[in-house]
Engineer: 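I am attaching a structure below and will ask some questions about it afterwards.
This chain uses plain numbering: 1 for the first residue, then up along the sequence. Both backbone and side-chain heavy atoms feed into the values below; hydrogens, waters and symmetry mates do not. These numbers were taken from a predicted model, which means no experiment stands behind them.
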Amino acid sequence: HNTTIREDVPWKLQQIQDAANHLQLAADTLESLDPDHSFQSAEEVLNFLSTVMGWLLRSRTALVIPKKRTLEDLLNSKNVRALVPALPREVAVSFYLQSWKLIFAVYHMVTEKGASRFDRYQTECVIPWVNDVLLMLTVALQTGQQLKDKIDILSQYSQEINLTKKPPTDGAAQDEE
């Protein structure tokens, strides 16, 4: 079967849109903080970092792990309308990202002797800019985790310092007189 994707109706990868949406939510969270904001506790900082890191992780996951779609979903996808001529009903196609690779999969449903099966064919190519995005998201997540770890350590030391401080005794106050 020969078909092409119409230029006026491009094939859209929902994974890229999802990743961009999550990344925008991380940016919005960072920008929502007033420049003069002063965190009141380590816990407040950790919660803020966790929120930002959650959006970054969702963004990364959207690119790395494709959502599972049924054959019926593929056949009824908006993207299929972009194909000219339309594919026969027994053929479904899918483009998706798996890490830095773009996968093109073709599913052909076959009925032989009353039994149905489908054959799957796929090809893939590397998309360098997706690899760059994944690398930057990974570095951002690692940096955020390192910052959280340092805040945890500092807050533990802070608690130890507060526990070991001794209030001045009356004798020390009298010596100064």
Engineer: Using the side-chain contact (heavy atoms from CB on, under 4.5 Å) rule, take Asp119 and Val110 through it: C-alpha gap first, then chi angles, then the decisive distance, then the call.
Structural biologist: CA-CA 7 Å; Asp119 296 328; Val110 180; 3.9 Å; yes

Engineer: What do the steps show when you test Leu13 against Leu102 for side-chain contact (heavy atoms from CB on, under 4.5 Å), and what is the final call?
Structural biologist: CA-CA 10 Å; Leu13 287 177; Leu102 176 65; 3.8 Å; yes

Engineer: Heavy-atom count check: over 12 atoms from other residues, nucleotides or ligands less than 6.0 Å from Asp8 CG?
Structural biologist: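 Counting neighbours around CG of Asp8, more than 12 heavy atoms of other residues, nucleotides or ligands fall under 6.0 Å, so yes.
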
Engineer: Could you give the distance from NZ (Lys101) to CG (Leu63), rounded to the nearest 0.5 Å?
Structural biologist: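 If I round to the nearest 0.5 Å, the distance is 15.0 Å.
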
Engineer: How long is the straight-line distance from CG of Asp152 back to CD of Glu43, given to the nearest 0.5 Å?
Structural biologist: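 Answer rounded to 0.5 Å: 10.5 Å.
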
Engineer: Membership question, hydrophobic clusters at under 4.5 Å side-chain separation (ILVMFWY): are Leu49 and Leu33 in the same one?
Structural biologist: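 Yes; Leu49 is reachable from Leu33 via cluster members.
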
Engineer: If hydrophobic clusters are built by linking Ile, Leu, Val, Met, Phe, Trp and Tyr wherever their side-chain heavy atoms come under 4.5 Å apart, do Ile103 and Val64 end up in the same one?
Structural biologist: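 No: no chain of side-chain contacts under 4.5 Å links Ile103 to Val64.
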
Engineer: Does any donor atom in the side chain of Asn21 or Gln17 lie under 3.5 Å from an acceptor atom in the other side chain?
Structural biologist: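 Side chains of Asn21 and Gln17: pair found under 3.5 Å.
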
Engineer: When rounded to the nearest 0.5 angstrom, what distance separates CD in Glu124 from CZ in Phe104?
Structural biologist: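 So the gap between those two atoms works out to 13.5 Å.
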
Engineer: Hey, mind stepping through Val106 and Val91 against side-chain contact (heavy atoms from CB on, under 4.5 Å) and telling me if it holds?
Structural biologist: CA-CA 7 Å; Val106 177; Val91 177; 4.0 Å; yes

Engineer: For Arg120 and Ala105, work out which heavy atoms get closest and say how close.
Structural biologist: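 Minimum heavy-atom separation between Arg120 and Ala105: NH2-CB, 3.8 Å.
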
Engineer: Counting only N and O atoms by type, is there a donor-acceptor contact under 3.5 Å from the side chain of Thr4 to the main-chain atoms of Val84?
Structural biologist: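 Yes: the side chain of Thr4 pairs with the backbone of Val84.
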
Engineer: Report the distance from atom CD of Glu112 to atom CZ of Arg117, rounding to the nearest 0.5 Å.
Structural biologist: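 Taking CD in Glu112 and CZ in Arg117, the distance rounds to 4.5 Å.
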
Engineer: Group every Ile, Leu, Val, Met, Phe, Trp and Tyr by side-chain heavy-atom contacts under 4.5 Å, then state whether Met53 and Leu135 land in the same group.
Structural biologist: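 Different hydrophobic clusters.
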
Engineer: Rounded to the nearest 0.5 Å, how far apart are CD of Gln98 and CD1 of Ile65?
Structural biologist: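 Rounded to the nearest 0.5 Å, the CD-CD1 separation comes out at 9.0 Å.
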
Engineer: Quick one, Leu147 and Ile151 - any side-chain contact, counting heavy atoms below 4.5 Å?
Structural biologist: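 The answer is yes, as the side chains (C-beta and beyond) meet within the 4.5 Å cut-off.
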
Engineer: Let's go through Ser50 and Lys148 carefully: what are the C-alpha distance in whole Å and the side-chain angles of both, what is the deciding distance for side-chain contact (heavy atoms from CB on, under 4.5 Å) to 0.1 Å, and is it a yes or a no?
Structural biologist: CA-CA 9 Å; Ser50 292; Lys148 285 176 71 173; 2.9 Å; yes

Engineer: Verify the distance criterion only: is there a donor paired with an acceptor across the side chains of Asp73 and Thr70 at less than 3.5 Å?
Structural biologist: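 Side chains of Asp73 and Thr70: pair found under 3.5 Å.
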
Engineer: Under 3.5 Å, is there a donor-acceptor pair between the side chain of Glu7 and the main chain of Ile5?
Structural biologist: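 Judged by distance alone, no pair lies under 3.5 Å.
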
Engineer: Is there a continuous path of hydrophobic side-chain contacts, each under 4.5 Å between heavy atoms, that joins Leu30 to Leu141?
Structural biologist: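 Hydrophobic grouping puts Leu30 with Leu141.
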
Engineer: Considering all heavy atoms of both residues, which atom of Ser59 and which atom of Leu137 are nearest to each other, and what is their separation?
Structural biologist: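 Closest approach of Ser59 to Leu137, heavy atoms only: OG-CD1, 3.7 Å.
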
Engineer: Roughly how far, to the nearest 0.5 Å, is the NE2 atom of His22 from the CH2 atom of Trp55?
Structural biologist: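 The distance works out to 7.0 Å.
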
Engineer: For Ala62 and Ala19, which heavy atoms make the closest approach, and how far apart are they?
Structural biologist: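 For Ala62 and Ala19, the tightest heavy-atom pair comes out as CB-N, 3.8 Å.
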
Engineer: Please check if the side chain of Gln15 supplies one atom and the backbone of Leu97 the other of a donor-acceptor pair under 3.5 Å.
Structural biologist: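 Yes, because the side chain of Gln15 sits within donor-acceptor range (under 3.5 Å) of the backbone of Leu97.
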
Engineer: Decide yes or no for Leu83 and Val93: does some side-chain heavy atom of the first lie under 4.5 Å from some side-chain heavy atom of the second?
Structural biologist: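 Of all side-chain heavy-atom pairs linking Val93 with Leu83, at least one is under 4.5 Å.
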
Engineer: Any donor and acceptor pair, going by atom type alone, linking the side chain of Arg60 with main-chain N or O of Leu56 inside 3.5 Å?
Structural biologist: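 No.
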
Engineer: List for me each residue that meets ring-ring contact (aromatic ring centres under 6.0 Å, His included) alongside Phe39, sequence neighbours excluded, and say none if there are none.
Structural biologist: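 So Phe39 forms a ring-ring contact (aromatic ring centres under 6.0 Å, His included) with His37, Phe48.
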
Engineer: With a 4.5 Å limit on heavy-atom distance, are the side chains of Leu25 and Arg58 in contact?
Structural biologist: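 No, side chains not in contact.
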
Engineer: For the backbone of Thr29 and the side chain of Ser32, can you confirm whether one donor and one acceptor N or O come within less than 3.5 Å of each other?
Structural biologist: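 Confirmed, Ser32 side chain pairs with Thr29 backbone.
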
Engineer: Say whether Val80 and Tyr96 are linked into one hydrophobic cluster, either directly or through other cluster members, by side-chain heavy-atom distances under 4.5 angstrom.
Structural biologist: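 Result: no, two separate clusters.
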
Engineer: Test your reading of the model: is there a side-chain donor-acceptor pair from Thr138 to the backbone of Leu134, 3.5 Å cut-off?
Structural biologist: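 Yes, the answer is positive, given that a donor and an acceptor are paired below the 3.5 Å cut-off.
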
Engineer: Determine the minimum heavy-atom distance between Val52 and Ala26, stating which atoms define it.
Structural biologist: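 Reported closest heavy-atom pair: O-CB, 4.1 Å.
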
Engineer: Counting only N and O atoms by type, is there a donor-acceptor contact under 3.5 Å from the side chain of Glu90 to the main-chain atoms of Met109?
Structural biologist: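 Checking the backbone N and O of Met109 against the side chain of Glu90, no donor-acceptor pair under 3.5 Å is found.
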
